[in-house]
Amino acid sequence: MNKAGIYLHIPFCKTKCIYCDFYSVTKREDSISQFIDCLIMEIELNKKTLEGYTFDTIFFGGGTPSVLEPNQIERILNALSKDYKLDQKMEITLECNPGEINYDKLKKFRELGINRLSIGFQSFNEKLLKFLGRLHNAEQSISTFNNARKAGFDNINIDLIYDIPKQKIKDWKNDLFLGTSLEPEHISAYSLTVEKNTVLNSMVKNKSVFMPSEKIDKRMFLDTIEYLENKNYNHYEISNFSKNKKQCKHNLHYWRLEPYLAFGPGAHGFDGQKRWWNKKSLDYYLQNLKQNKLPIESEEILSKKDSFNETIMNGLRLIEGAKINKLNQYLDDNFENHIKPYMKKWPYINNDGTNLTLNKKGLLFTDEIITDLFLV
C-alpha cells in the first residue's frame, strides 16, 4: 500500500521568536476564519494529487496551530476525510506552545482524534526563554504537559534547544533532567542554528550576541545522546529520540523522501519526483483561493542528481541510514565505486551493502560528510 503524509501550515503566532525562520504572522487573528475557508478550498482543489495513496499521518504545524478552535480543526479534518483516503490508525500531530492552551481545549482536540502532541518547551531556564522570545515559563511547560496527559494524550513530543548563547553545559543537563522526568514519548533536541532573515541572525551579525563555540556545541550534542539513551530513548534521527515504536511517523515520510501533501502559506508538497511550494504570504494565499486558484509560487522536478543528493542528505541524518539500492537508482556508475574514496577519508561511514550509515563520532561531522558525498 502506498503511504503518504499531510502537512497543514497554520501561520498564526502571538509573537515571533528570534530564531524562527518558518513563515508566520502576528496580530492577524481576524483573518483566521477566512483562512480556514481557504484551507478547505485548497484541500478540495488538490484531491486528485497523490490519488491512489493512503494517508497515514496528518501534521498541524506552524506558526501555532493550537490557536485554532476545536470546531475549526474539526472542519479541516472533515474536509480531509471527505477528499482523501485516510488510514484508520493514522498519526495526527498538533503543535502547541506552553501556557497558550488550556485543559478544556486539549481535551476537545483529543476527542476530535488528534493523538500526538508536540509541545515547544525549548528550555526550562527563564533567562534563556526570555532571550529566545518565548512567552511562557517553565511552570507553564510542566502544567501544559500534565494537562495534556489528563486530556488523554499518550504520545507527546517535547522540543528542547541547546547551544543557546550564555547557556552552560549544566543548564542543558538540567533541561534534559527536567524534560525526561516528565517521561514524554518523544524528545526533539535541536542545536540552535542561526537562520537568515531572523532577529538572531541580525544580533549575531552586529555582534550584540555571540554563539557558543563549536566545541561546546559538539559536547552538548554527545551529552544529549548519552543522557537520553541512558533514559531508554531510541536515537533514530540526528535531533530526535523516542520511546519504543514512538518515532514521529510524519517526519519519517520527509526523511525517507516519501510523498506528502502540504497546505497553507509557505507549505511544501512532494509527490516522489516533483516538489512544489506555496508563496509565503497570507494575503496572497487568501486572495488566490477566494478565486479558486492554487497559491503555488513555484515547483521543481528532481533530477537524478537532486534525488541522489537528497537521499544522502536525509538518509545520513537517520540512524538507520540511506538505502543503497535507492542511491544506485540515481547513479550511472555503481554506488560502491562512488563511495570507495570517501570511506578512506571518513572512517566514520559504515557500508553494510544495504544501508549507508554514520557511527556516533561521524554524527559530529554529518554536514561535512553529506556535502562531500553530494554529486556536483
S.K.: Taking the side chain as every heavy atom from C-beta outward, state whether F221 and Y162 have any atom pair closer than 4.5 Å.
M.R.: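 Yes. Closest side-chain heavy atoms under 4.5 Å.
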S.K.: Could you check whether E91 pairs with K249 (Lys NZ or Arg NE/NH1/NH2 to Asp/Glu carboxylate O, under 4.0 Å)?
M.R.: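 No, this pair does not count.
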S.K.: Given ring-ring contact (aromatic ring centres under 6.0 Å, His included), test Y233 with Y227 step by step and report yes or no.
M.R.: CA-CA 9 Å; Y233 284 90; Y227 191 91; 9.3 Å; no
S.K.: Looking at D372 and K345, is any side-chain nitrogen of the basic one under 4.0 Å from a carboxylate oxygen of the acidic one?
M.R.: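 Here K345 pairs with D372 in a salt bridge, since their nearest N and O are under 4.0 Å apart.
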S.K.: Can a side-chain donor-acceptor contact be found between D352 and N350 if the only test is distance below 3.5 angstrom?
M.R.: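 There is no such pair between these side chains.
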S.K.: Within the distance-only criterion (no hydrogens, no angle test), does the side chain of N230 pair as donor or acceptor with the backbone N or O of E226 below 3.5 angstrom?
M.R.: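 Yes.
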S.K.: Under 6.0 Å from the ring centre and within 45 degrees of the ring axis: does the NZ or CZ of K279 meet both conditions for the six-membered ring of Y284?
M.R.: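 Judged by the rule, K279 and Y284 form a cation-pi pair.
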S.K.: To the nearest 0.5 Å, how far apart are CG in D171 and CD1 in I164?
M.R.: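 Rounded to the nearest 0.5 Å, the CG-CD1 separation comes out at 9.0 Å.
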S.K.: If I compare all heavy atoms of P347 with all of N359, which pair ends up nearest, and what's the gap?
M.R.: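 Scanning both residues completely, I find the closest heavy atoms to be O-ND2, 4.2 Å.
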S.K.: Are I58 and L80 side-chain neighbours, meaning at least one heavy-atom pair lies under 4.5 Å?
M.R.: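 Yes, their side chains come closer than 4.5 Å.
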S.K.: Within 45 degrees of the axis of the six-membered ring of W172 and under 6.0 Å from its centre: does K168 put its NZ or CZ there?
M.R.: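 Negative - K168 is either too far from the ring of W172 or too far off its axis.
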S.K.: Is there a donor-acceptor contact under 3.5 Å linking the side chains of S303 and D306?
M.R.: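 The criterion, which ignores hydrogens and geometry beyond distance, is satisfied for D306 and S303.
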S.K.: Return the set of residues passing side-chain contact (heavy atoms from CB on, under 4.5 Å) with S239 (not counting sequence neighbours), or none when no residue passes.
M.R.: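 Checked S239 against side-chain contact (heavy atoms from CB on, under 4.5 Å); matches are Y190, E237, R317.
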S.K.: Okay, side chain of E126, backbone of A138: is any donor-acceptor separation there less than 3.5 Å?
M.R.: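 A pair under 3.5 Å: yes.
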S.K.: Given the ring of Y53, does K3 sit roughly above its face, with NZ or CZ under 6.0 Å from the centre of the six-membered ring and within 45° of the axis?
M.R.: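 Judged by the rule (NZ or CZ under 6.0 Å from the ring centre, within 45° of its axis), K3 is not positioned above Y53.
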S.K.: Output, in order, the C-alpha distance, side-chain angles, deciding distance and verdict of side chain to side chain contact (heavy atoms under 4.5 Å, CB included) for I225 and K360.
M.R.: CA-CA 9 Å; I225 298 171; K360 205 166 280 187; 3.9 Å; yes
S.K.: Going by atom types only, do S188 and N240 share a side-chain donor-acceptor pair under 3.5 Å?
M.R.: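 The criterion, which ignores hydrogens and geometry beyond distance, is satisfied for N240 and S188.
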S.K.: Side chains of N2 and E258: is there a donor and an acceptor less than 3.5 Å apart?
M.R.: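 There is no such pair between these side chains.
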S.K.: Ignoring hydrogens, what is the shortest heavy-atom contact between N351 and E336? Give both atom names and the distance.
M.R.: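 Closest pair (atom of N351, atom of E336, distance): ND2-OE1, 3.1 Å.
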S.K.: Closer than 4.0 angstrom, basic N to acidic O: yes or no for E111 and K107?
M.R.: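 Yes, this pair counts.
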S.K.: Would one find more than 12 heavy atoms of other residues, nucleotides or ligands at under 6.0 Å from atom NZ of K323?
M.R.: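 Enclosed.
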S.K.: Between P98 and H136, what is the shortest heavy-atom contact and its length?
M.R.: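 Closest approach of P98 to H136: O-CB, 3.3 Å.
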S.K.: Are K47 and Y84 in a cation-pi setup, meaning NZ or CZ lies under 6.0 angstrom from the ring centre and within 45 degrees of the ring axis?
M.R.: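 No.
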S.K.: Looking at C248 and Y236, what are the two nearest heavy atoms and their distance?
M.R.: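 Heavy-atom minimum between the residues: N-OH, 3.0 Å.
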S.K.: Is the F308 ring parallel, tilted or perpendicular to the H338 ring (thresholds 30°, 60°)?
M.R.: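 Judged by the thresholds at 30° and 60°, the geometry between F308 and H338 is perpendicular.
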S.K.: Just do the ring-ring contact (aromatic ring centres under 6.0 Å, His included) check on F109 and F153 with the steps written out, would you?
M.R.: CA-CA 10 Å; F109 283 157; F153 284 95; 8.2 Å; no
S.K.: If we ignore hydrogens and angles and just use 3.5 Å, is the side chain of R110 paired with the main-chain N or O of I114 as donor and acceptor?
M.R.: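 The answer is yes, because a donor-acceptor pair under 3.5 Å joins these two groups.
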S.K.: Counting heavy atoms not belonging to E229, are there more than 12 under 6.0 Å from its CD?
M.R.: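 Yes - once you tally the heavy atoms of other residues, nucleotides and ligands closer than 6.0 Å, there are more than 12.
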S.K.: Are any of the side-chain nitrogens in K280 or E297 under 4.0 Å away from the carboxylate oxygens of its partner?
M.R.: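 Salt bridge flag = no for E297 with K280.
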S.K.: Less than 4.5 Å apart, side chain to side chain, heavy atoms only: is that true for P184 and F145?
M.R.: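 Yes; the side chains approach each other to less than 4.5 Å.
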S.K.: E183: which residues meet the salt bridge (Lys or Arg N to Asp or Glu O under 4.0 Å) condition with it, sequence neighbours left out?
M.R.: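 For E183 there are no salt bridge (Lys or Arg N to Asp or Glu O under 4.0 Å) partners, ignoring immediate neighbours.
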S.K.: Should the ring pair F365 and W346 be called parallel, tilted or perpendicular, given that the plane angle runs from 0 to 90° and is split at 30 and 60?
M.R.: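 Geometry flag for W346 against F365: tilted rings.
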S.K.: Would you kindly say whether K243 and N232 are connected by a side-chain donor-acceptor distance under 3.5 Å?
M.R.: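 N232 and K243 do not have a side-chain donor-acceptor pair below 3.5 Å.
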S.K.: Under the side-chain contact (heavy atoms from CB on, under 4.5 Å) test, which residues partner K166, sequence neighbours left out?
M.R.: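 Residues passing side-chain contact (heavy atoms from CB on, under 4.5 Å) with K166: none at all.
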S.K.: Is it the case that the side chains of S24 and K16 hold a donor-acceptor pair, with the cut-off being a distance below 3.5 Å and no angle test?
M.R.: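 Their side chains do contain a donor-acceptor pair, which is all the 3.5 Å distance test asks for.
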S.K.: Closer than 3.5 angstrom, by distance alone: can the side chain of R28 be matched with the main-chain N or O of C13 as a donor-acceptor pair?
M.R.: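 The answer is no, because no donor-acceptor pair under 3.5 Å joins these two groups.
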S.K.: Assess whether atom CG of N206 is packed by more than 12 heavy atoms of other residues, nucleotides or ligands within 6.0 Å.
M.R.: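 Yes.
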S.K.: Might you point out which heavy atoms bring I43 and A79 nearest each other, and give the distance in Å?
M.R.: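 Residues I43 and A79, closest heavy atoms: CG2-O, 4.0 Å.
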S.K.: Tell me yes or no: between the side chains of K293 and Q287, is some donor less than 3.5 Å from an acceptor?
M.R.: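 Absent: no donor and acceptor within the cut-off.
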S.K.: Can you say whether the rings of F241 and H235 are parallel (under 30°), tilted (30 to 60°) or perpendicular (over 60°)?
M.R.: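 Aromatic pair F241/H235 classed parallel.
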S.K.: Tell me, please, which residues at least two apart from K215 pass salt bridge (Lys or Arg N to Asp or Glu O under 4.0 Å).
M.R.: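 K215: no salt bridge (Lys or Arg N to Asp or Glu O under 4.0 Å) contacts found.
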S.K.: In a check of ring-ring contact (aromatic ring centres under 6.0 Å, His included) between H268 and each of F22, Y7, W277, which one passes?
M.R.: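 For H268, the ring-ring contact (aromatic ring centres under 6.0 Å, His included) check succeeds only for W277.
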S.K.: State which residue, out of I10, I40, N46, fulfils the side chain to side chain contact (heavy atoms under 4.5 Å, CB included) condition with F263.
M.R.: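 For F263, the side chain to side chain contact (heavy atoms under 4.5 Å, CB included) test succeeds with only one of I10, I40, N46, which is N46.
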S.K.: Run the numbers on D56 and H253 for side chain to side chain contact (heavy atoms under 4.5 Å, CB included), then give the verdict.
M.R.: CA-CA 10 Å; D56 62 353; H253 280 312; 2.7 Å; yes
S.K.: Going by the angle between their ring planes, with limits at 30° and 60°, are Y23 and H9 parallel, tilted or perpendicular?
M.R.: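 Y23 and H9: tilted rings.
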S.K.: Under a 3.5 Å cutoff, is there a donor and acceptor pairing between the side chains of E95 and N157?
M.R.: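 No, no side-chain donor-acceptor contact under 3.5 Å.
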S.K.: Could you tell me whether the side chain of N97 and the main chain of E100 form a donor-acceptor pair under 3.5 Å?
M.R.: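 Between the backbone of E100 and the side chain of N97 there is no qualifying donor-acceptor contact (under 3.5 Å).
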S.K.: Using the ring of each side chain (for Trp, its six-membered ring), is F124 parallel, tilted or perpendicular to F121, with breaks at 30° and 60°?
M.R.: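 Perpendicular.
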S.K.: Should we say atom CD of Q273 is surrounded by more than 12 heavy atoms from elsewhere, each under 6.0 Å from it?
M.R.: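 No, CD of Q273 has 12 or fewer neighbouring heavy atoms, counting only those of other groups under 6.0 Å.
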S.K.: Residues two or more places apart in sequence or in another chain: which of them pass salt bridge (Lys or Arg N to Asp or Glu O under 4.0 Å) with E310?
M.R.: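 Partners of E310 under the salt bridge (Lys or Arg N to Asp or Glu O under 4.0 Å) test: R275.
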S.K.: Where do N102 and K105 come nearest, in terms of heavy atoms and distance?
M.R.: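 So the minimum-distance heavy-atom pair works out to OD1-N, 2.9 Å.
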S.K.: Looking at N244, is its backbone amide N or carbonyl O close enough to the side chain of N234 to form a donor-acceptor pair, meaning the two atoms are under 3.5 Å apart?
M.R.: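 Judged by distance alone, no pair lies under 3.5 Å.
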S.K.: So, are E69 and R75 salt-bridged, with charged N and O less than 4.0 Å apart?
M.R.: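 So E69 does not pair with R75 through a salt bridge.
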S.K.: Heavy-atom count check: over 12 atoms from other residues, nucleotides or ligands less than 6.0 Å from E214 CD?
M.R.: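 No - once you tally the heavy atoms of other residues, nucleotides and ligands closer than 6.0 Å, there are 12 at most.
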S.K.: With sequence neighbours left out, write down each residue that passes salt bridge (Lys or Arg N to Asp or Glu O under 4.0 Å) with K108, or none if nothing qualifies.
M.R.: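 Once residues adjacent in sequence are excluded, K108 has no partner under the salt bridge (Lys or Arg N to Asp or Glu O under 4.0 Å) criterion.
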